[in-house]
Amino acid sequence: MSYKYFPHTEEDLQAMLDKVGVDSLDALYADIPEAIRFRKDYDLPEAVSEVEIRQTLELLGRQNKQLTCFAGAGVYDHYTPAVIPQLLQRSEFLTSYTPYQAEISQGTLHYIFEYQSMMAELTGMDVSNASMYDGTTAAAEAMMMCVAAGKKVNRVLVSGTMNPKTIEVLKTYALHQGIELSMLEVEDGVTSRKDLEAQLAQGGVAGVMVQQPNVYGIVEDFSGFADACHEQKALFVIDSVAADLAVLKTPGEWGADIAVGDGQSLGIPMQFGGPYVGYMCCTEKLIRKMPGRIVGMTKDNRDQRAFVLTLQAREQHIRRQKATSNICSNQSLMALFVTMYMSLMGRQGLKEAAELSYAGAHYLCDELLKTGRFTLVYDKPFFNEFLVSYDGDASMLYQRFMDAGILGGVIVDDKFLFAVTEKRTKDEIDNLVKIAAL
């Protein structure tokens with residue numbers, strides 16, 4: 001039988017069978033025990049019309065609860081300009097894979113170059129690579145980068161105020177890379193400066209990793225951290241929520257050597273956990289230790305602007321033993337997403353969105369404290385996220401929020417971690433406070 005759209009004809013199959021020395025597909029799989037072969041009919045539904053399948057999918061969609069989101073902990077409900085999904089679905093963006101041939105990939109290379117330029121400016125760093133899979137794996141790559149840049153040292157210090165999910169990914173990567181992770185103590189909700197200096201003094205440290213804002217939403221003061229690291233020949237890494245850098249002191253201003261984090265806050269919908277995009281920026285000194293690739297701008301033989309892959313440090317391009325990472329492709333489509341977002345919002349728009357998030361979070365915090373049922377766990381400066389204790393049953397209150405159509409923060413050890421973005425209105429905040437005060 002001939003199947004027009006199948007890749008192999010009967011003749012193709014027979015030619016391959018002849019090549020391997022068997023006369024049929026059954027003979028090819030003869031070594032597979034009968035006991036583990038599936039011989040039943042597939043449990044598939046009967047064919048239905050397009051109208052019926054649309055109705056089925058619509059009914060399934062109605063089961064999703066559209067909740068007002070006050071949860072964060074690394075993923076935030078930010079505004080997405082309507083034009084972005086429309087442009088992103090253009091076939092030249094949506095179906096393009098990776099720019100192996102520069103002469104036919106100028107569009108892709110161009111937007112990656114713009115992404116790199118914007119991320120370098122946002123983080124205050126010298127260079128950016130062509131994006132990472134997500135924030136947690138970007139942090140893991142930064143950890144390995146510290147060890148690769150160090151001289152026969154394999155210990156990395158990680159602040160206990162980093163997101164636990166990020167720490168778990170770091171541990172997984174470290175286990176198989178021969179890296180020793182040491183946790184820095186937490187003192188009143190922030191990284192212990194005393195413990196940092198004590199562990200650095202022991203020597204053998206390749207890098208120090210911190211988070212800004214930290215897992216509790218606190219904006220930490222990293223004054224002197226970079227100097228303390230550099231005195232001991234260690235690199236200083238800051239993991240940040242990308243959107244927050246529109247108003248916070250940048251990693252570059254803190255003296256960081258590497259800046260990483262997730263770009264989801266730059267307009268990417270939460271969409272059940274992905275896809276997102278990780279970013280990685282560093283000082284020019286470390287550019288050849290950076291994983292992935294970098295797009296550069298040059299001139300062609302007609303003196304016209306052109307874009308090329310300037311640095312390709314993955315094993316598909318260079319010898320495996322010299323590759324800085326085995327990343328096989330980046331989140332280029334999502335890098336385009338955040339590039340569009342930053343272009344549309346502009347410097348002022350990014351700042352205004354961040355300021356609205358800050359104002360909303362502080363208003364919510366003040367109103368919750370007024371109820372007398374909540375207490376701020378750490379009396380520290382915070383941005384758009386904060387941790388409060390509740391004098392009742394946290395799980396019951398969380399369920400009340402859910403019943404009212406509210407995703408009421410994230411429960412952390414019987415405490416509430418609330419987050420507010422520019423999408424949350426005063427009425428929505430007041431409604432949450434009203435429920436919480438019952």
Side-chain angles (χ1 to χ4, degrees), residues 1-61 84-112 130-134 137 268-269 271-278 291-293 295 300 306-309 312-323 325-337:
M1 183 179 293
S2 176
Y3 297 96
K4 184 176 181 181
Y5 298 105
F6 278 20
H8 301 136
T9 65
E10 293 292 339
E11 291 77 12
D12 292 332
L13 291 173
Q14 191 58 52
M16 288 187 282
L17 290 171
D18 292 343
K19 187 69 175 178
V20 296
V22 295
D23 57 9
S24 67
L25 288 175
D26 285 338
L28 183 65
Y29 297 111
D31 291 336
I32 299 177
E34 186 67 29
I36 65 172
R37 295 195 189 193
F38 185 77
R39 296 294 190 184
K40 302 176 183 178
D41 291 331
Y42 291 109
D43 185 19
L44 297 174
E46 295 296 322
V48 296
S49 68
E50 180 183 341
V51 171
E52 290 172 308
I53 194 64
R54 285 181 178 273
Q55 290 172 341
T56 300
L57 292 174
E58 185 178 345
L59 289 172
L60 288 173
I84 296 179
Q86 295 299 316
L87 290 175
L88 209 67
Q89 291 177 43
R90 289 177 62 96
S91 60
E92 58 266 45
F93 297 138
L94 193 62
T95 63
S96 61
Y97 174 54
T98 192
Y100 287 121
Q101 295 176 266
E103 64 274 18
I104 61 172
S105 303
Q106 285 299 291
T108 301
L109 292 168
H110 187 179
Y111 77 66
I112 292 177
S131 80
M132 312 291 281
Y133 288 122
D134 56 27
T137 52
I268 298 178
Q271 50 202 14
F272 301 99
Y276 298 152
V277 59
R293 55 193 171 205
V295 173
D300 63 14
F307 299 94
V308 295
L309 284 173
Q312 302 172 74
R314 60 190 187 136
E315 57 191 23
Q316 285 189 2
H317 295 119
I318 62 179
R319 284 177 292 176
R320 180 184 296 268
Q321 63 270 26
K322 290 196 172 185
S325 172
N326 64 352
I327 298 172
C328 288
S329 65
N330 63 354
Q331 291 284 53
S332 183
L333 189 68
M334 305 317 293
L336 174 60
F337 193 117

(request) Identify, with sequence neighbours excluded, every residue that meets side-chain hydrogen bond (donor to acceptor under 3.5 Å, both in side chains) alongside R37. (result) none
(message) Going by side-chain hydrogen bond (donor to acceptor under 3.5 Å, both in side chains), name the residues that satisfy it together with D12, two or more places apart in sequence or in a different chain.
(response) T9
(message) L59: which residues meet the side chain to side chain contact (heavy atoms under 4.5 Å, CB included) condition with it, sequence neighbours left out?
(response) R62
(message) Nearest 0.5 angstrom please: R293 CZ to S131 OG, how far?
(response) 8.0 Å
(message) Would you say CZ of F38 has more than 12 non-hydrogen atoms from neighbouring residues, nucleotides or ligands within 6.0 angstrom?
(response) yes
(message) E50: which residues meet the salt bridge (charged side-chain N to carboxylate O under 4.0 Å, His left out) condition with it, sequence neighbours left out?
(response) R54
(request) Return the orientation label for the F93 and Y111 ring planes: parallel under 30°, perpendicular over 60°, tilted otherwise. (result) perpendicular
(request) Check P291 against M132 and note the closest heavy-atom contact, atom names and distance. (result) CG-CE, 3.9 Å
(request) Compare every heavy atom of V295 with every heavy atom of L109, then report the nearest pair and how far apart it is. (result) O-CG1, 3.3 Å
(message) For a quick test of reading the model, state the closest non-hydrogen atom pair linking L25 to L17 and the distance between them.
(response) N-CD1, 4.0 Å
(request) Taking all heavy atoms of Y276 and all of Q271, pick out the closest pair and write down the distance. (result) CE2-CG, 4.4 Å
(request) Could you list all the side chain to side chain donor-acceptor pair (under 3.5 Å) pairs where at least one residue sits in residues 15-32, not counting sequence neighbours? (result) Q14-D18
(request) Measure the spacing between CG of L309 and CD1 of I112 and express it to the nearest 0.5 Å. (result) 7.5 Å
(request) Please identify each residue that fulfils ring-ring contact (aromatic ring centres under 6.0 Å, His included) with F272, with sequence neighbours left out. (result) none
(request) Measure the CG-CG distance between L88 and L333 for me, rounded to the nearest 0.5 Å. (result) 4.0 Å
(request) State the CG-CE distance between L28 and M16, to the nearest 0.5 angstrom. (result) 10.0 Å
